[in-house]
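Working notes for the structure below.
None of these values were measured; they are calculated from a predicted model.
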Amino acid sequence: MSIEVQNITKSFGNFLALNDVSLYVKTGELVALLGPSGSGKTTLLRIIAGLEEADEGSGPVLFNNHNVANSKIGDRGVGFVFQHYALFRHMTVFENVAFGLRVRPRETRPDNGEIRRRVLELLRLVQLDTQANRYPHQLSGGQRQRVALARALAVEPQVLLLDEPFGALDAKVRVELRQWLRRLHDEIHLTSVFVTHDQDEALEVADRVAVMSAGKVEQFATPNEVFHKPATEFVMNFLGSVNKFRGQITDGKVRLGGQYIMDVPENTEEAKLFVRPHELLISHKKTPNSFNLRAVVKRIHSAGARVRVELETHSGDPMTAEMTHAMLSDLNLETGQEVYVTPCNIHVFGSDEHSLEE
Amino acid sequence: MFRRYPKSVLPGFRISMGLTLVYLSLLVLIPFAGLILKVGGMSWNQYWSIVLSPRVLAAFRLTFGASLLAAGINAFFGFIVAWVLVRYKFPCRRLVDAMVDLPFAMPTAVSGVALLTLYKRLGQAIGVKIIFTEWGLLLALTFIGLPFVVRTLQPAIQDIEKELEEVSASLGANRWQTFWRVIFPSLRPALITGFAMAFARALGEYGSVVFIAGTSLPIVSIEIVKNLQGGQEDLMVAVAIATTMLIASFVILFCINFMQVWMNRRYNDE
């Protein structure tokens with residue numbers, strides 16, 4: 001089932017949580033709403049679910065082009081998974097999952113044998129069939145979240161909504177569970193939206209990522225695109241660390257240290273140049289036909305899969321470069337050395353914080 | 001004998017443990033032990049003949065019955081009061097909230113007099129005798145037990161996560177199902193505690209009961225006081241009743257406590 005929200009605005013008192021947001025999620029897609037806290041991502045998810053109502057004058061919430069803005073959560077056919085699981089702690093795992101079937105009106109309620117069959121099938125799907133008779137407090141965090149997922153799937157929802165589903169888990173379990181969620185989605189192809197503030201999680205799991213900030217969607221695109229072609233300064237900043245430079249504009253051309261970077265529209269006043277640490281090259285000699293910046297190596301962090309080198313320019317501005325261990329040993333870098341730094345991929349943003357690239 | 005966590009950062013284990021023991025002994029253990037010793041002075045035959053006498057049996061029956069009923073009524077209405085106080089915002093909510101404590105804070109004799117004057121008139125007006133009857137007794141016991149149920153339930157209701165109700169609604173449960181299947185079970189331990197406390201309070205109530213139910217009805221606390229005023233023989237009757245009451249209350253509270261521990265083990269994290 002496709003999900004579409006149009007021109008949704010939501011405020012809590014004076015705080016504007018969502019500011020005229022529109023979004024279209026295709027059938028069978030797994031979409032991440034990514035943003036810092038307070039960006040409105042959870043509010044958007046709750047409006048899609050029907051747990052929250054959009055302000056007067058907002059557009060519709062469409063499921064398969066059918067407006068559900070006025071129907072209650074129970075009638076929308078959504079499965080909702082909370083960050084803190086929200087399991088019924090006085091019920092066994094089995095009863096938690098069976099809940100949605102047991103509360104159905106008598107006419108549509110499956111008989112006990114059918115409920116049993118379906119619950120056990122779901123527990124197998126989330127790999128918890130051996131834990132059916134345990135209580136939630138006897139399970140680990142990852143297991144609890146899988147019970148919550150099975151419980152949401154038991155009502156055969158058309159849409160699965162997850163609010164920070166891995167937020168309360170340990171780092172290692174998080175990674176395992178998100179990979180597992182991706183595989184599960186590839187199996188059952190349920191239209192899903194999940195909220196996260198962790199960019200790795202969003203980029204790894206989702207088909208498309210909606211990056212949100214201050215109640216707006218900054219960019220809605222594939223993980224590749226938001227990472228490599230950030231539409232705004234915010235997206236650039238939020239998805240990993242950046243080095244910032246200020247470009248000079250003359251005659252509609254942006255230059256960095258005299259080196260031509262790109263053409264910009266006539267009336268552009270300001271150009272902010274961003275370079276990711278892994279796109280900053282360090283060498284002992286000047287790179288021809290390129291912008292070269294003199295800098296001193298301040299620190300080398302080599303504990304990790306990649307090496308991070310902290311540098312400082314003559315004017316005292318800090319910079320960070322990232323490279324492989326092989327590159328580091330080729331360069332023979334030492335702290336205190338003077339080196340040349342050359343960016344190999346520059347993202348340019350104007351004063352309105354939007355990208356100036358095509 | 002005493003197990004202590006090794007190298008605790010908190011000082012003063014010995015002195016605080018010692019204080020606890022002395023305090024509890026002086027306040028609870030020694031008076032009770034005295035009572036038991038006193039009853040030890042009589043033979044089994046004497047004891048049983050007192051405890052099984054018709055008047056005393058009737059007193060036990062009425063006192064336990066009325067206390068149980070009063071605690072039950074309080075569990076029901078107290079639940080509603082606590083729910084309303086936590087879940088709804090309305091004018092004078094704080095005032096109503098403070099009112100709940102009145103039966104607690106007022107001297108029981110004052111409550112008794114207040115109830116007496118009110119229900120004497122009311123009874124006359126509607127032509128039903130309330131005061132000096134079992135109804136009066138029930139009324140007084142219900143009155144004094146209310147705060148216990150409300151005050152134990154309030155924090156429990158406050159603690160219910162909004163998400164539990166939301167998830168229940170998302171799974172298609174209506175409000176009624178959400179209440180019975182999700183909310184009520186999580187409040188059950190608190191409700192049982194409140195019920196037990198109201199019950200225990202009602203069992204021993206004297207001050208208000210003596211005004212509104214009078215001294216003619218067989219009521220345990222009043223029987224004890226009446227017999228205390230008599231001679232040596234009557235004193236033994238009072239002691240025998242008191243001891244039996246002590247043991248019965250202890251057993252009941254122990255059972256309720258045990259039930260709670262069991263429920264907590266089952267559903268909660270350590």
Side-chain angles (χ1 to χ4, degrees), chain A residues 42 45-46 48-52 71-92 95-105 108-109 133-141 144 147-157 159-164, chain B residues 75 79 82-83 86-89 149 152-196 255-270:
Chain A
T42 294
L45 191 81
R46 289 172 65 86
I48 294 173
L51 289 170
E52 213 84 64
S71 34
K72 282 190 234 146
I73 180 168
D75 303 326
R76 290 194 188 188
V78 300
F80 202 98
V81 175
F82 288 91
Q83 177 177 6
H84 297 287
Y85 332 122
L87 292 181
F88 306 130
R89 59 179 187 189
H90 60 280
M91 293 182 202
T92 59
E95 285 304 320
N96 263 283
V97 178
F99 184 86
L101 300 173
R102 293 211 196 280
V103 295
R104 284 196 185 166
T108 56
R109 192 190 308 155
N133 293 320
R134 310 196 100 191
Y135 283 91
H137 75 92
Q138 296 170 305
L139 304 180
S140 70
R144 286 184 212 188
V147 175
L149 195 63
R151 181 178 62 179
L153 293 175
V155 293
E156 295 178 324
V159 166
L160 186 63
L161 304 172
L162 309 105
D163 184 9
E164 299 259 6
Chain B
F79 191 102
W83 185 264
V86 174
R87 284 302 176 101
Y88 303 106
K89 304 275 169 268
V149 176
T152 46
L153 271 174
Q154 268 178 326
I157 295 173
Q158 239 145 19
D159 279 350
I160 298 176
E161 302 152 77
K162 196 178 83 188
E163 294 177 352
L164 285 180
E165 288 166 61
E166 290 179 342
V167 87
S168 172
S170 82
L171 293 168
N174 59 36
R175 276 155 199 259
W176 193 240
Q177 287 169 322
T178 300
F179 179 79
W180 275 116
R181 288 168 177 265
V182 177
I183 295 174
F184 186 74
S186 55
L187 295 177
R188 207 157 31 201
L191 189 63
I192 290 173
T193 308
F195 175 86
C255 288
I256 289 170
N257 237 323
F258 185 78
M259 202 153 81
Q260 255 185 336
V261 169
W262 178 78
M263 272 198 293
N264 271 332
R265 281 247 176 89
R266 203 156 160 203
Y267 305 138
N268 292 338
D269 299 299
E270 286 304 313

Which atoms of A/Phe80 come close to chain B, meaning under 4.5 Å heavy atom to heavy atom: side chain ones, backbone ones, both, or neither?
-> both
Residues A/Ile73 and B/Ser170: closest non-hydrogen pair is CD1-CB, 3.2 Å
Segment of A/Ala148 engaging chain B (4.5 angstrom heavy-atom cut-off) = neither
Interface moiety of B/Thr178 toward chain A, non-hydrogen atoms closer than 4.5 Å = neither
Heavy-atom distances under 4.5 Å only: say whether A/Arg151 touches chain B with side chain, backbone, both or neither.
-> both
Give me the contact list for residues 153-162 of chain B versus chain A, heavy atoms only, anything under 4.5 Å, ordered by residue number.
-> B/Lys162
At a heavy-atom separation under 4.5 Å, does B/Arg181 approach chain A through its side chain, its backbone, both, or neither?
-> both
Applying ring-ring contact (aromatic ring centres under 6.0 Å, His included) to A/Phe88 and not counting sequence neighbours gives A/Phe99
Gap separating the CD atom of B/Glu163 from the CG atom of A/Asp163, nearest 0.5 angstrom | 7.5 Å
So which part of A/Leu87 gets closer than 4.5 Å to some heavy atom of chain B, the side chain, the backbone, both or neither?
-> backbone
Got more than 12 heavy atoms from elsewhere within 6.0 Å of CZ, A/Arg109?
-> yes
Would you say B/Gln177's side chain and A/Val103's backbone share a donor-acceptor pair under 3.5 angstrom?
-> yes
Mind ranking A/Arg104, A/Met91, A/His90, A/Arg102 by heavy-atom pairs under 4.5 Å with chain B and telling me who comes out on top?
-> A/His90
